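To start, the structure itself, in structure tokens.
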Amino acid sequence: MVGRIIKTEACVAEGAAWLAGQDERFRQALEITGPLPTRLRKDGFDQLLSAIVSQQVSVAAARAIWKRMRDAKLTGPRKVMWATEEELRTVGLSRQKVRYAKALAEARINYKDLRDAPNAEIIKTLTEVSGIGIWTAEIYAMFSLGRADVFAPGDLALQESARLLFDLPKRPTEKQLRVMAEDWSPWRSVAARLLWAYYHVAKDREGIA
């Protein structure tokens, strides 16, 4: 029920080779991008809290806020639960994000259990928390839990990359891309890595930052 877990670059390379064998366009994309990164992260409360902090702010702003939170020792569930709104606002969280951070702390998610849970259960558990959407849950499953067969069709870069790579008349919707990605199972998260890598190469070629 859990499926393959990506642990090393060799796992990603295996998935990339499978995709290249399934579709010529993936093979061509892989030749352009070169080997794909694993992009694995730790799992747990702080990863999701960091994702909340990063919502709708620049990368630089998110890093600055997260540093202040670390310095104030406000990155653990108990610390966040016990902190006052003023304390969390002082380190840079908006009132909405204070609510989200508190909701995540109060959810008391068993992160160890998520490691062995089916993908659908992971998404369901995480999206029940205010401030955690499907995209965040899918990214967590991909990179914090190493799930090989998870995709994030709501990601705009993936949509645009799919449009470019598959020469589509327009950017696919989230629903359309989710259907497309069914053909990339059981390596959908590697397909996502390849599409992200291809997106950056394609945009660099166009001179777009």
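Positions are given from 1 along the sequence. These numbers were taken from a predicted model, which means no experiment stands behind them.
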Atom pair [atom1] ([X]) and [atom2] ([Y]), whose distance is rounded to the nearest 0.5 Å:
{"X": "K203", "Y": "L164", "atom1": "NZ", "atom2": "CG", "result": "5.5 Å"}
{"X": "D149", "Y": "S189", "atom1": "CG", "atom2": "OG", "result": "7.5 Å"}
{"X": "M180", "Y": "T173", "atom1": "CE", "atom2": "OG1", "result": "10.5 Å"}
{"X": "I132", "Y": "T125", "atom1": "CD1", "atom2": "OG1", "result": "12.0 Å"}
{"X": "M142", "Y": "I139", "atom1": "CE", "atom2": "CD1", "result": "4.0 Å"}
{"X": "R99", "Y": "E106", "atom1": "CZ", "atom2": "CD", "result": "12.5 Å"}

> Are L114 and L126 close enough, and set up right, to give a side chain to side chain contact (heavy atoms under 4.5 Å, CB included), and what steps lead you there?
Replying inline: CA-CA 10 Å; L114 284 187; L126 297 183; 3.9 Å; yes
> Between T38 and T8, is a side chain to side chain contact (heavy atoms under 4.5 Å, CB included) present by the stated rule, with each step listed?
Replying inline: CA-CA 7 Å; T38 57; T8 65; 5.6 Å; no
Heavy-atom distance under 4.5 Å between the side chains of [X] and [Y], does that happen here?
{"X": "L48", "Y": "Y111", "answer": "yes"}
{"X": "S54", "Y": "W66", "answer": "no"}
{"X": "V150", "Y": "F143", "answer": "no"}
{"X": "L165", "Y": "Q28", "answer": "no"}
{"X": "Q22", "Y": "W187", "answer": "no"}
{"X": "P153", "Y": "Q159", "answer": "no"}
{"X": "L88", "Y": "K102", "answer": "yes"}

> Which pairs, with at least one residue in residues 85-96 and sequence neighbours excluded, count as a salt bridge (Lys or Arg N to Asp or Glu O under 4.0 Å)?
Replying inline: E85-R95
> Under 3.5 Å, is there a donor-acceptor pair linking the side chains of T75 and D46?
Replying inline: no
> Got a sec, which pairs hit ring pair (Phe, Tyr, Trp, His ring centres under 6.0 Å) with one end in residues 25-53, sequence neighbours left out?
Replying inline: F26-F166, F26-W184
> Hey, does the Lys NZ or Arg CZ of R39 hover above the aromatic six-ring of W196, less than 6.0 Å from the centre and inside 45° of the axis?
Replying inline: yes
Please indicate whether [X] has more than 12 foreign heavy atoms, meaning atoms of other residues, nucleotides or ligands, lying under 6.0 Å from its [atom1].
{"X": "Q56", "atom1": "CD", "result": "no"}
{"X": "I5", "atom1": "CD1", "result": "yes"}
{"X": "W135", "atom1": "CH2", "result": "no"}

> Of the non-hydrogen atoms in L49 and L104, which two are nearest, and what is the gap between them?
Replying inline: N-CD2, 3.6 Å
> Checking R27 side chain against A20 main chain: does a donor-acceptor pair fall under 3.5 Å?
Replying inline: no
>> Checking R193 against V12 for the side chain to side chain contact (heavy atoms under 4.5 Å, CB included) test, could you report, in this order, the C-alpha distance in whole Å, the side-chain angles of both residues, the deciding distance, and whether it holds?
In response: CA-CA 9 Å; R193 287 168 169 83; V12 177; 4.1 Å; yes
>> Before you tell me yes or no, could you show the steps for K97 and I65 under side chain to side chain contact (heavy atoms under 4.5 Å, CB included), namely the whole-Å CA-CA distance, both residues' side-chain angles and the distance that decides it to 0.1 Å?
In response: CA-CA 12 Å; K97 289 185 179 181; I65 294 169; 5.8 Å; no
> Could you walk me through whether K124 and E121 pass the salt bridge (Lys or Arg N to Asp or Glu O under 4.0 Å) check?
Replying inline: CA-CA 5 Å; K124 180 178 183 296; E121 183 180 328; over 6 Å; no
